[in-house]
Amino acid sequence: MNRVDMSVSIAGLKLKNPVMTASGTFGFGEEYGEFYELKRLGAVVVKGITLKPRQGNPPPRTCETPAGMLNSVGLQNPGVDYFLEKELPRLLDKGASVIVNISGATVDEYCAMMEKLEPSGVAAVELNLSCPNVREGGIAFGLRPDAVYDVTRRVKECGDRPVIVKLSPNVTDIVEIASAAKEGGGDAVSLINTLLAMDIDINTRKPVLGNTYGGLSGPAVKPVALRMVHQVAEALDIPVIGMGGILDWRDAVQFILAGARAVAVGTANFVNPLAPVDIIDGIEKYAMQQGFSSVEAMVGALL
Amino acid sequence: MNRVDMSVSIAGLKLKNPVMTASGTFGFGEEYGEFYELKRLGAVVVKGITLKPRQGNPPPRTCETPAGMLNSVGLQNPGVDYFLEKELPRLLDKGASVIVNISGATVDEYCAMMEKLEPSGVAAVELNLSCPNVREGGIAFGLRPDAVYDVTRRVKECGDRPVIVKLSPNVTDIVEIASAAKEGGGDAVSLINTLLAMDIDINTRKPVLGNTYGGLSGPAVKPVALRMVHQVAEALDIPVIGMGGILDWRDAVQFILAGARAVAVGTANFVNPLAPVDIIDGIEKYAMQQGFSSVEAMVGALL
Amino acid sequence: MKGPKMLKVIENKPIAGYVYSLKLHAPELCERVLPGQFFHIKCGGDKFPLLRRPISLSYTLMEEGCMVLVYRVQGQGTKNLSSRRPGDPLDVLGPLGNGFEITNRHQRVAIVGGGIGIAPLVELAGVYGKRAVVFAGFRDETFLIEGLQQRSPDVRIATEDGSVGYKGFVTDILAQHLKEHRFDVVFACGPRPMLQRVAEACRKALVMCQVSLEQRMACGVGACLGCSCAVKDTDGSLQYVRVCKDGPVFWSEEVCWDE
Amino acid sequence: MKGPKMLKVIENKPIAGYVYSLKLHAPELCERVLPGQFFHIKCGGDKFPLLRRPISLSYTLMEEGCMVLVYRVQGQGTKNLSSRRPGDPLDVLGPLGNGFEITNRHQRVAIVGGGIGIAPLVELAGVYGKRAVVFAGFRDETFLIEGLQQRSPDVRIATEDGSVGYKGFVTDILAQHLKEHRFDVVFACGPRPMLQRVAEACRKALVMCQVSLEQRMACGVGACLGCSCAVKDTDGSLQYVRVCKDGPVFWSEEVCWDE
Ligand SMILES: Cc1cc2nc3c(=O)[nH]c(=O)nc-3n(C[C@H](O)[C@H](O)[C@H](O)COP(=O)(O)OP(=O)(O)OC[C@H]3O[C@@H](n4cnc5c(N)ncnc54)[C@H](O)[C@@H]3O)c2cc1C
Ligand SMILES: Cc1cc2nc3c(=O)[nH]c(=O)nc-3n(C[C@H](O)[C@H](O)[C@H](O)COP(=O)(O)OP(=O)(O)OC[C@H]3O[C@@H](n4cnc5c(N)ncnc54)[C@H](O)[C@@H]3O)c2cc1C
Ligand SMILES: Cc1cc2nc3c(=O)[nH]c(=O)nc-3n(C[C@H](O)[C@H](O)[C@H](O)COP(=O)(O)O)c2cc1C
Ligand SMILES: Cc1cc2nc3c(=O)[nH]c(=O)nc-3n(C[C@H](O)[C@H](O)[C@H](O)COP(=O)(O)O)c2cc1C
Ligand code: FES
Ligand code: FES
């Protein structure tokens, strides 16, 4: 059998395969980089960084739920400067394609980070729009189309790097939001981020998470993620990076068939540290069996 | 130990205990009524009915997902007249408190059903607002605060029966929607309905459901449901009927602690036909152990 | 219909590749269950897999107070089921569904099964005994043949690879037989394309045919309307009925085959 | 740190109510693992329970190439673990974390464990042997006592119900002992309130103390920042560190106890 062309073009990038890591689940690649070579991945999406270092939320920050987990890490990170100085060079040395996930409390903060990242060796920037916008009274950017449009457009003006807009699933109309990202000049959209959720300990009668609410991820959310990816891919002409509950190659294939041009693996890393590379292999085998000559031919190939 | 007062007052009703069935998972009570006496339940919420009979969606209509399931029944039902004539008398004979879940394509349809139900023996009416509104180009009523307000107010004007507004979780701001239900005169809110979702069969390369999209229910969604119940109960002074992923009494207790004054059991019926009665017993034991003299004292009793 | 029961697993062993025979101690259910009825079984733990799985009665062993279900390992549910060991309790709901319509006026019947669809026909073969001709089709490996032969001596086998009996589809030998012999009724269970071919052959031969259908189920008892299949109403219009409660056995002419 | 390994279960048996001893064949890991390190174990099937569960090394059996983990059945994860049988494969990631800081300058050490917190201290007792006094506290039923005594002869036992040894808390006998004897370092593992009391006693006695902390974990390797606990920075400010990678063992004076 012939080999499958695993490469995908997305947001102006040519990735050697469609499998990325999901931001916040892979640190800066250091830990999982001990299990396999990071350059095997389509791209490494690093943990969300902010302009200034952040301490994050009080523990407990994680808990398990049926076929899923909650997290309320609260964007603990050492800040963009530290990242550029200490983490990025190490990642680039390893030959990884690096996508940087950034979060801001104001549009200016996003822009300031973009300006700092522009001259570096990062492949692209991913805007995490799930963080509360201080200007709008704490409503996350990602929940309002006008805010999504605005921050995307402004960040695009700050540099030439491809900009991926990561969308929150906690919205009434994901197509409307994705459309705003496209209009704002976004080169691709990532979906989904986590679903806002909570868990309660009936013995202590307290929320399990120190922060009360957290984000739900893992297999439990996959059906919602697949639906959103399908909706956006059907409605709009913008590349989609699909994620949410991908545990193995079968899940990844579902996302690609639903219309995702690339996929990201998040929670699955915690279950199987080799998940991303296993998934790359699995996608290739599936494509071969189904007679696809390339992954790109599989994108949206629902019958 | 003293017994716990299990009764709850909600939407002007006095229920003998806080456990209901979730609409659409319990038919008209006929099938599960063979397993136990329906009058043991706080209330029986019957399957969603419409003004005219409906055939429903093409099969397959269900599929399993990680810790959850999808359904796209599509409101198959024999219509309100048949219900009043054939099903309701049988239910009332059994001593059940009956809440009727109604769906309309227009506000007028909701009102027409309310008028037919008003003189009957039903305890309350539950407005299912997840169905597409033909007037608004197919956008579900439950997704827009103004539509929720409007339909609630209009239905309230058609009769004196308590009106429970069942909310869709597929919205950006559940509090805003619940608030519209309250402003419209709703006597209580039910949440959550199912999350819009899909599944894909990678062998056939088709959506699993005949209808492509369906509603996600079961344990997978519980963390989202708990969060929404908690948000609404904290923000508004309207009784909440909590549901979404309740499998056992522990789950039910979580919802009550989060602020639900009653709970509904849906998908769990399929797993354990005795789930609702097991849950009633379990809540009572928990309340006893924790020293609550009544279920009402447990409502919102997070520490 | 009664509440779910915890039945004791007496035996749970492979009888062919991926095919298991599960013997359960259930004296009371044995008395009640009809050929063609099924049980809705909690295969896994609490939440995964979540839903029950429908598995038909294969046959009863009255003297032992046991019933046997035969199933193929398909996905997670049946895989979990296959790991149950003797002595384990199993949460079983049923018997459910209508079962085959059996009357004493049937003097000569055909019983047609394909693959794992043979399993639900064994008890039925016992009911009709010598009055039945049993047609059993397999891909390659056969199973349950002895059980069938003990109950109904005339068993015709087809395998797709020709390893046993006729080489080809079971529907071929059925169609041939229908040309030469008269049956009062045909009972069929198997994959939908096979059932459709059986239905077609029966239609041509002017023989009534009962088919046992499958559909993804949630409740299994008729409450959720999740397991619908389209049938033709008396006026010819399409209507959805419940495989779990109105079926799983339907008259083949009711079924909308191309749906 | 290497990739996850499928280890063979040699033995998995209860040694007290709800407490199990799990012996795994892992000659290579035995050589590397340090006292106080833990393994991140896939207890269930694919999706339920989803996450791995952290369980510490209890002790190694070098000659057999085996290591033993001792765990208490707590919830679904450990319950699933308890149903693994000899011969089963188990998906194990590790050894992870820092382990106890052991130096040859420690001439006299105290090792203090409460409840299941005793398990991670057995290998450590072997390292210090006669140089250690071991304090082991239980609610009622004791376990692992022999294993401790074989490694370190001076084992003092406290039980809350007084069934064995001193009646009361292990921290009482430790505090008493600290008044009369001098230790170079104290190692402690157990429930947080106990650790806090040990830390307090050590602070008063001016003895350095290492505590092994617990926190809910996702990745277990340092990537997710899910297992944070608050420590005091050199400048006194609060900072979150990872229990899985920066710990699980910390100097007690670093820990923000009232957080
Ligand atoms: C009335 C009836 C009787 C049956 N009797 C038998 C029998 O005696 N022996 C036997 O081996 N099989 C029988 N089946 C099929 C059996 O139910 C499925 O093989 C089984 O549910 C697969 O579950 P799984 O978790 O192993 O597979 P998965 O494919 O992982 O199941 C995923 C979901 O799809 C459903 N599903 C998958 N295949 C089928 C199917 N063919 N029919 C209905 N639902 C399906 C499952 O129930 C589950 O909800 C019967 C089905 C029905 C409807
Ligand atoms: C570094 C470390 C070493 C440990 N070593 C041991 C040991 O040697 N023996 C032993 O019996 N136990 C040990 N524990 C505790 C053990 O991890 C928990 O008892 C176990 O995770 C409970 O899982 P469960 O599914 O049975 O319980 P559940 O309560 O159902 O677990 C639900 C979730 O909470 C987490 N959780 C629950 N309790 C704890 C806890 N105490 N610490 C961390 N996470 C928890 C689980 O990992 C899971 O994600 C250790 C914990 C840590 C952090
Ligand atoms: C522990 C954790 C931390 C996360 N941190 C971030 C983050 O910093 N930025 C971001 O955009 N998404 C973050 N996410 C969301 C993931 O990138 C991903 O969108 C989500 O988890 C769904 O994918 P999954 O189900 O495969 O995990 C985080 C998720 C987890 C579980
Ligand atoms: C098969 C099925 C049919 C349903 N039909 C209705 C319906 O007719 N009207 C309605 O308001 N909700 C309907 N629901 C939603 C449930 O009432 C409930 O809100 C949802 O399933 C979440 O609860 P659960 O996780 O306990 O099932 C249906 C759910 C299922 C699974
Ligand atoms: S499975 Fe619920 S009606 Fe048939
Ligand atoms: S568990 Fe992920 S950093 Fe510790």
Side-chain angles (χ1 to χ4, degrees), chain A residues 21-22 24-36 46-48 53-77 199 208-210 214 217-220 222 245 247-248 250-251 266-275 277-278, chain D residues 1-6 40-54 74-78 80 91-97 192 213-231 233 237-247 255-256 258-259:
Chain A
T21 58
T25 65
F26 206 75
F28 295 121
E30 192 179 339
E31 295 80 13
Y32 291 111
E34 293 188 37
F35 295 106
Y36 56 86
V46 297
K47 111 172 72 160
R54 275 175 62 100
Q55 207 168 46
N57 288 331
R61 290 177 174 182
T62 55
C63 78
E64 180 154 344
T65 67
M69 64 170 281
L70 302 185
N71 90 79
S72 65
V73 170
L75 288 172
Q76 178 180 341
N77 83 94
D199 198 7
V208 175
L209 296 179
S217 64
K222 192 186 67 173
L247 265 199
D248 60 25
R250 290 173 198 85
D251 302 321
T267 303
N269 291 297
F270 311 154
V271 181
N272 171 17
L274 303 175
V277 287
D278 288 351
Chain D
M1 188 170 72
K2 300 271 181 60
K5 294 202 168 48
M6 292 308 255
H40 215 27
I41 300 181
K42 189 79 184 92
C43 296
D46 208 18
K47 282 158 203 158
F48 190 75
L50 183 66
L51 299 174
R52 291 169 182 269
R53 299 292 189 258
Q74 175 83 14
Q76 197 59 49
T78 45
N80 278 25
D91 179 349
V92 173
L93 181 65
L96 302 171
R192 197 168 165 110
L213 297 185
E214 294 189 356
Q215 186 53 276
R216 285 164 189 268
M217 290 182 179
C219 72
V221 300
C224 74
L225 306 186
C227 63
S228 296
C229 86
V231 298
D233 220 344
S237 70
L238 180 147
Q239 202 200 328
Y240 288 121
V241 293
R242 299 164 297 183
V243 170
C244 71
K245 181 120 177 189
D246 306 312
V255 178
C256 299
D258 32 54
E259 198 250 4

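Throughout, protein chains are lettered first and strands after them, A, B, ... in sequence-line order, and every chain is numbered starting at 1. What you are looking at is a predicted structure, and each value in this text was computed from that prediction instead of being measured.
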What side-chain donor-acceptor pairs closer than 3.5 Å can you find for residues 56-69 of chain A, not counting sequence neighbours?
from: A:Asn57; atom 1: ND2; to: A:Ser72; atom 2: O; distance (Å): 3.2
from: A:Arg61; atom 1: NE; to: A:Asn57; atom 2: O; distance (Å): 2.7
from: A:Arg61; atom 1: NH1; to: A:Gln76; atom 2: OE1; distance (Å): 2.5
from: A:Arg61; atom 1: NH1; to: D:Leu225; atom 2: O; distance (Å): 2.9
from: A:Arg61; atom 1: NH1; to: D:Ser228; atom 2: OG; distance (Å): 2.7
from: A:Arg61; atom 1: NH2; to: A:Gln55; atom 2: O; distance (Å): 3.1
from: A:Arg61; atom 1: NH2; to: A:Asn57; atom 2: O; distance (Å): 3.0
from: A:Arg61; atom 1: NH2; to: A:Gln76; atom 2: OE1; distance (Å): 2.9
from: A:Thr62; atom 1: OG1; to: D:Arg216; atom 2: O; distance (Å): 3.4
from: A:Glu64; atom 1: OE1; to: D:Leu51; atom 2: N; distance (Å): 3.2
from: A:Glu64; atom 1: OE1; to: D:Arg53; atom 2: NH1; distance (Å): 2.8
from: A:Glu64; atom 1: OE1; to: D:Arg53; atom 2: NH2; distance (Å): 3.3
from: A:Glu64; atom 1: OE2; to: D:Leu50; atom 2: N; distance (Å): 2.5
from: A:Thr65; atom 1: OG1; to: A:Gly68; atom 2: O; distance (Å): 3.3

- Message: At a heavy-atom distance under 4.5 Å, which candidate from A:Ala268, A:Ala220, A:Gly29, A:Pro219 has the highest pair count against chain D?
- Response: A:Pro219

- Heavy-atom closest pair (A:Phe35 atom, D:Gly3 atom, distance to 0.1 Å) is CD2-CA, 3.2 Å

- Item | Sequence-distant partners of A:Phe26, ring pair (Phe, Tyr, Trp, His ring centres under 6.0 Å), two or more places apart | A:Tyr32

- Query: D:Lys42 versus chain A, heavy atoms under 4.5 Å apart: side chain, backbone, both or neither?
  - Reply: side chain

- Note on the structure: Note: vs chain A, highest number of non-hydrogen pairs under 4.5 angstrom among D:Gly75, D:Ala218, D:Ala223 is D:Ala223

- Message: Measuring only between side-chain heavy atoms, which start at C-beta, is A:Pro273 closer than 4.5 Å to D:Val221?
- Response: no

